[in-house]
Amino acid sequence: MACRSGCCCGSGPINEDNARFLLLALFIVVYLLCGAAVFSALEHPKEREAKERWAQRFEHFSQKYNLSKKELNNFLRNYEEANVAGIRVDAIRPRWDFTGAFYFVGTVVSTIGFGMTTPATIGGKVFLMFYGLLGCAATILFFNLFLERVITVIAFVLKSCYERRHNKAVLPQNGRQVSEGNRASGAGEELAGWKPSVYCVMLILGAAAVLVSCCASLMYSAAEGWGYLDSLYFCFVAFSTIGFGDMVSSQRVAYEGHATVAYRLGNFFFILTGVCCIYSLFNVISIVIKQVLNWLLRRLEAPCRCCFPRRGHHPHRHPRRNVVAPGHLRARRDPSIETDAINESETDTGRRLSGEMISMRDFLAANKVNLAIMQKQLSEMAVGNQRQSSSSSRQNGFSGGVGALGIMNNRLAETSVDR
């Protein structure tokens, strides 16, 4: 029985969802500290050199042309204001004609936000707040629907390949030829619950993202004159919607030796495809991270069982939600919105045949939800009502994650009975 009052890690037992959240927060803090240390070691020396070089040039220029430092600083501030408005030393495409404005709104709704173009008027800034609110929400929904379809296609293709390979591996039993009916029946039983591995889906999405980035980098290297490594860097920054703005594509008025219109269309296509691929990949990687967190929680159960009670029935234990774990490690639970609504057999023949550490079915069975149920739960929590399990939720089997996770899980688990 778990300790209810105090323990070595705090004043009482920790809910497993809260423990996972705190563990992830700790991981992110440590990750940020490590990243800051690495980038500081790599970039800080170059920053000092650039400051020293600029100070020398500034001093030399002011003495050469007999300018006071105050006047020169005022001139540089005026240039910075012009730079914000889109004025550069080299000729570039207009920022606020229709095509330039279209490029800008594309970076807004995709949340890339390169920063090379920003509204300067009060009206533009106010309009951007409302425009971005609806546009970003619609684009995120588009990414979620793209993720839903990509995962569905990948799951269908992988299951077809596995079924074909499994059918070829069927051997005659006891020296007699197996009838077609018996063979189909046996294959159907074994393949009924098979789902592709999370790691296999992650590998496919990673390969697709790399392929798109490499092809786009070839185009950017030829058109923009960037090095191939710089082009790869730009692809990751743009496709992941980080959008630093230090390198921005398709900003010249015209491109010599290249069809300008064709390049702009290719730039639009690669950015759209790359953002969708990286978005899908990030969501699948988050599942792997969550699986690692669950593994760490299980390891922490041994030295501190008062914080993480033993698995199994406990009268005061809250049902575990949103857990990614192999099927044989999950305890069976009563179906509800908070827990898995459909508890299929934990001995998944297809998963064992696949030889995977964790199958999509195990992952999906623990992370199924859609946005409608999430909104319903939030509404019920706001009015203080106890959430009740409905027959539809039992059929759909949604529970756990939100947003893209819910859409991906629902699609892969094929738990929706009304589609």
Side-chain angles (χ1 to χ4, degrees), residues 14-39 111 140 143-144 146-148 150-151 154-155 158 195-210 213 236-237 239-242 274-302 304 307-308 311 320-330 340 351 354 356-370 374 398-413:
I14 304 176
N15 179 271
E16 193 162 348
D17 287 340
N18 294 334
R20 188 182 302 108
F21 172 77
L22 294 176
L23 194 60
L24 179 60
L26 177 62
F27 167 76
I28 292 176
V29 170
V30 174
Y31 194 74
L32 292 175
L33 293 176
C34 293
V38 172
F39 281 111
T111 70
I140 290 174
F143 290 157
N144 287 337
F146 177 87
L147 172 63
E148 180 183 8
V150 166
I151 295 296
I154 292 177
L158 291 179
K195 292 292 186 298
S197 168
V198 176
Y199 308 106
C200 187
V201 174
M202 182 177 66
L203 180 63
I204 293 175
L205 289 174
V210 170
S213 298
F236 177 79
V237 171
F239 297 167
S240 60
T241 70
I242 296 175
V275 169
C276 291
C277 289
I278 294 294
Y279 177 84
S280 303
L281 180 61
F282 282 171
N283 280 282
V284 175
I285 291 176
S286 68
I287 302 304
V288 178
I289 295 176
K290 191 171 186 180
Q291 183 186 358
V292 173
L293 294 177
N294 292 329
W295 177 81
L296 290 176
L297 289 178
R298 291 196 299 270
R299 294 297 297 266
L300 291 175
E301 285 181 355
C304 187
C307 292
F308 307 101
R311 300 194 191 283
R320 297 177 62 205
R321 297 181 293 107
N322 216 10
V323 177
V324 183
H328 68 282
L329 294 178
R330 291 200 315 269
D340 297 336
R351 179 181 61 79
S354 67
E356 297 293 346
M357 176 180 174
I358 178 173
S359 67
M360 261 305 177
R361 174 176 172 267
D362 291 322
F363 148 61
L364 296 168
N367 288 278
K368 293 167 291 187
V369 74
N370 63 4
M374 181 186 69
F398 297 155
S399 71
V402 297
L405 269 181
I407 291 179
M408 180 168 56
N409 300 341
N410 174 33
R411 193 68 177 181
L412 284 174

Residues Phe146, Ser280; criterion side chain to side chain contact (heavy atoms under 4.5 Å, CB included); working and verdict: CA-CA 8 Å; Phe146 177 87; Ser280 303; 3.8 Å; yes

Side chain to side chain contact (heavy atoms under 4.5 Å, CB included) between Glu16 and Leu297, intermediate numbers included: CA-CA 8 Å; Glu16 193 162 348; Leu297 289 178; 3.9 Å; yes

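How far CG of Leu22 is from CG of Asp17: 11.0 Å, rounded to the nearest 0.5 Å. In this structure, NZ on Lys290 lies 9.0 Å from CG on Leu293, to the nearest 0.5 angstrom. Leu203 contributes atom CG, which lies 10.0 Å from atom CG of Leu281 (distance to the nearest 0.5 angstrom). Rounding to the nearest 0.5 angstrom, the gap separating the CG atom in Leu147 from the CD1 atom in Ile140 is 13.0 Å. Once rounded to the nearest 0.5 Å, the distance linking CZ of Phe21 with CG of Leu26 reads 11.5 Å. In this structure, Thr111 OG1 and Ile242 CD1 are separated by 10.5 Å, a value rounded to the nearest 0.5 Å.
Using a 4.5 Å heavy-atom threshold, the side chains of Cys277 and Phe239 count as separate. By the 4.5 Å heavy-atom criterion applied to side chains, Ile204 and Leu158 are counted as neighbours. Counting heavy atoms from C-beta outward, Leu205 and Ile154 have side chains that approach closer than 4.5 Å. Residues Asn283 and Ile287 are not in side-chain contact: their nearest non-hydrogen atoms beyond the backbone lie 4.5 Å or more apart. Between Val288 and Met202, the closest side-chain pair of non-hydrogen atoms falls below 4.5 Å.
For Ile278 against Ser240, the heavy-atom pair with the smallest separation is CG2-CA, 3.8 Å. A pairwise comparison of heavy atoms in Thr241 and Val275 identifies CG2-CG1, 4.1 Å as the closest pair.
Note: Tyr279 and Phe143 have tilted aromatic rings, judged against thresholds of 30 and 60 degrees for the angle between ring planes.
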